[in-house]
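To start, the structure itself, in structure tokens.
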Amino acid sequence: MNPLTLPVSEKLARYLDAEGRLKGWPSRRTDQLEALRYLTSRLPDGTEWSERELNELLKALHTFGDWALLRRDLYDARLIDRSPDGRRYWKVLPA
């Protein structure tokens, strides 16, 4: 899917480059949550990843070099979950 065909707000579009990667991190939490939901939509469904694999996916989805921030925020926002030992990650499916 072309990343720019995903529905994004005008505000979020300002944070995306031509390839649909985040080029900056919004300062407002509501904008951050929108960015996190956007990132989650770009992750494959029905897949589990190791921390390293998730980091590589996140590296490809942004350009500002802080995949650890994105991984932690995705988890804190309950958009991804992880195993108790932190070795496996997966998307949380909407209820």
Side-chain angles (χ1 to χ4, degrees):
M1 174 182 288
N2 179 343
L4 295 183
T5 62
L6 295 171
V8 297
S9 71
E10 191 174 314
K11 187 178 281 191
L12 180 59
R14 289 185 242 147
Y15 290 96
L16 302 177
D17 69 9
E19 296 176 25
R21 298 174 299 187
L22 279 175
K23 58 185 179 179
W25 191 235
S27 56
R28 295 185 63 213
R29 186 63 181 161
T30 55
D31 297 339
Q32 291 172 359
L33 290 171
E34 183 180 1
L36 292 171
R37 286 189 295 273
Y38 170 78
L39 289 175
T40 303
S41 75
R42 304 227 15 231
L43 294 172
D45 291 332
T47 305
E48 285 191 11
W49 311 282
S50 67
E51 184 174 314
R52 176 178 287 169
E53 291 168 332
L54 181 57
N55 289 343
E56 291 303 315
L57 287 169
L58 293 174
K59 285 178 189 179
L61 295 175
H62 80 292
T63 63
F64 57 90
D66 198 346
W67 59 90
L69 165 100
L70 296 175
R71 187 186 67 244
R72 284 190 305 267
D73 260 9
L74 285 165
Y75 176 76
D76 290 345
R78 309 309 292 158
L79 295 169
I80 62 170
D81 205 351
R82 66 179 180 213
S83 61
D85 63 6
R87 292 182 183 210
R88 306 300 300 167
Y89 290 81
W90 58 89
K91 280 173 64 168
V92 172
L93 299 175

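Only heavy atoms go into these numbers, but all of them, side chains included; no hydrogens, no water, no symmetry mates.
Atom CH2 of Trp67 is surrounded by 12 or fewer heavy atoms from other residues, nucleotides or ligands within 6.0 Å.
No continuous path of ILVMFWY side-chain contacts below 4.5 Å connects Tyr38 to Val92, so the two sit in separate hydrophobic clusters. Leu36 and Trp90 fall into different hydrophobic clusters, defined by Ile, Leu, Val, Met, Phe, Trp and Tyr side-chain heavy atoms under 4.5 Å apart, directly or through other members.
The shortest non-hydrogen separation linking Phe64 to Leu70 is CZ-CD2, 4.0 Å. The two residues Tyr15 and Trp25 come nearest to each other via the heavy atoms CE2-C, 4.1 Å.
The salt bridge (Lys or Arg N to Asp or Glu O under 4.0 Å) test applied to Lys11 returns Asp31, not counting sequence neighbours. By the salt bridge (Lys or Arg N to Asp or Glu O under 4.0 Å) test, Arg29 pairs with Asp73, sequence neighbours left out.
In this structure, NE2 in His62 is found 11.5 Å from CG in Asp17, a value given to the nearest 0.5 Å. The structure places NZ of Lys59 at 11.0 Å from CG of Leu54, a figure rounded to the nearest 0.5 Å. Within the model, atoms CG of Leu58 and OH of Tyr89 stand 10.0 Å from one another, a figure rounded to the nearest 0.5 Å. In this structure, CG on Asn55 lies 4.5 Å from CZ on Arg71, to the nearest 0.5 angstrom.
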>> Does Leu16 form a side-chain contact (heavy atoms from CB on, under 4.5 Å) with Leu22? I'd like the steps, not just the answer.
In response: CA-CA 5 Å; Leu16 302 177; Leu22 279 175; 3.7 Å; yes
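Remark: the backbone N or O of Leu39 is not paired with any side-chain donor or acceptor of Ser41 at under 3.5 angstrom.
Taking 4.0 Å as the cut-off between side-chain N and carboxylate O, Arg37 and Glu34 do not count as a salt-bridged pair.
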Enumerate donor-acceptor pairs with a distance under 3.5 Å from any side-chain N or O in residues 74-87 to protein atoms, sequence neighbours excluded.
unit_1, atom_1, unit_2, atom_2, d
Ser83, OG, Asp85, OD1, 2.5
Ser83, OG, Arg87, N, 3.3
Ser83, OG, Arg88, N, 3.2
Asp85, OD1, Arg87, N, 3.0

